[in-house]
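One structure is given below, encoded as structure tokens.
Atoms within a ligand are numbered from 1 in the order they appear, just like the ligands themselves. Side chains are part of it too, since the values below use all heavy atoms of this structure and drop only hydrogens, waters and symmetry mates.
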Amino acid sequence: MAAEIIDGRAIAAAIRSEVKAQVDELVRDHGVRPGLGVILVGDNPASRSYVTMKEKACAEAGIYSEEVHLPADASQEAVISAIGAYAANASIHAILVQLPLPDHIDEHAVLLSVPPAKDADGFHPFLVGELWSQGTADFIPCTPYGVLELLKRSDVPLVGARAVVIGRSNIVGKPVASLLLREHCTVTLCHSRTRDLPGVAREADILVVAIGRPKMVDASYIKPGATVIDVGISRAEDGSLVGDVDFESASQVAGKITPVPKGVGPMTIAMLLQNTVNAAARAAS
Ligand code: GUN
């Protein structure tokens with residue numbers, strides 16, 4: 001039987017309209033308009049396009065946004081100084097440094113310089129530690145936050161479920177594991193060196209794939225009826241977008257599955273807006 005498709009675009013649209021209502025209320029009742037400060041370094045076309053989409057989404061939700069665009073050869077000090085200017089700017093409640101940064105810049109040092117009180121992505125080690133130790137943090141990384149909302153809004157049972165996460169990145173795999181643990185899943189975090197990866201994946205009621213290998217996960221990785229969340233996105237030779245999951249094969253076995261595109265992708269932006277509004281609400285209270 002073919003799997004039910006989890007419509008990330010529709011769920012993201014619902015969240016964006018909730019966010020817009022929260023923005024209207026903040027402006028009306030507190031005179032506070034949420035503000036996002038974006039820093040883009042260099043001319044990576046994918047990064048440029050993501051930043052443009054984020055700014056457009058802000059405008060649609062009534063969120064103020066500002067961009068600092070530095071050249072590809074900008075110094076690390078210049079990036080950190082742009083972060084400092086946003087940190088001191090009261091109309092900016094959340095700061096986003098688009099990744100990846102050029103190779104000559106130490107990404108960890110830059111992310112450390114974003115104040116945790118304004119870290120739209122939730123990448124600062126203080127926030128990472130809060131999420132693991134307290135189960136929550138003022139900012140939750142946007143893509144993992146989006147994965148959790150997809151599961152919750154699709155009525156996927158979480159308590160006691162076996163969750164397998166493939167991919168151990170700081171941006172997706174680790175925070176997804178942390179969030180699912182908080183929701184009382186039994187979590188296994190796998191990676192490229194995991195032994196018998198298909199066998200481990202087949203134990204999952206919830207399988208989250210974020211390994212960056214197009215179409216790697218086929219039906220042989222999936223327990224019949226499992227929920228499959230595909231975080232991967234790459235461009236195939238014919239120019240189409242493909243995920244880490246072989247959708248045609250996997251959707252024959254899964255119970256619920258996200259497509260690529262229109263799955264996790266739209267959620268990342270929706271949760272960035274939510275993080276920004278939450279920060280403004282904290283500033284207003
Ligand atoms: N590049 C790829 N994913 C992300 C993300 O979630 N946040 C930022 N800032 N850059 C990214």
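- The residue from L101, V114, I171 that puts a heavy atom closest to atom 3 (N) of ligand 1 is I171.
- Distance from atom 11 (C) of ligand 1 to its nearest protein heavy atom, with residue and atom name: Q98 NE2, 3.6 Å.
- At least one donor-acceptor pair under 3.5 Å links the side chain of R182 to the backbone N or O of G135.
- Within the 4.0 Å heavy-atom criterion, both parts of L99, backbone and side chain, lie near ligand 1.
- Taking Ile, Leu, Val, Met, Phe, Trp and Tyr as hydrophobic and joining them when side-chain heavy atoms fall under 4.5 Å apart, one finds F139 in a cluster with F126, L127.
- Within the 3.5 Å criterion, the main-chain N or O of G212 finds a donor-acceptor partner in the side chain of D244.
- The ligand atoms of ligand 1 that sit less than 4.0 angstrom from a heavy atom of L96 are 9 (N).
- Residue contact annotation: D121 has a non-hydrogen atom under 4.0 Å from ligand 1.
- Which parts of ligand 1 touch V97 is read off a 4.0 Å heavy-atom cut-off, strictly below it: atoms 8 (C), 9 (N).
- Remark: the backbone N or O of R33 is not paired with any side-chain donor or acceptor of Y64 at under 3.5 angstrom.
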For residues 257-271, run the donor-acceptor check on the side chains, cut-off 3.5 Å, and write out each pair with its distance to 0.1 Å, sequence neighbours left out.
unit_1 : atom_1 : unit_2 : atom_2 : d
T258   : OG1    : D230   : N      : 2.9
T268   : OG1    : T143   : OG1    : 2.8

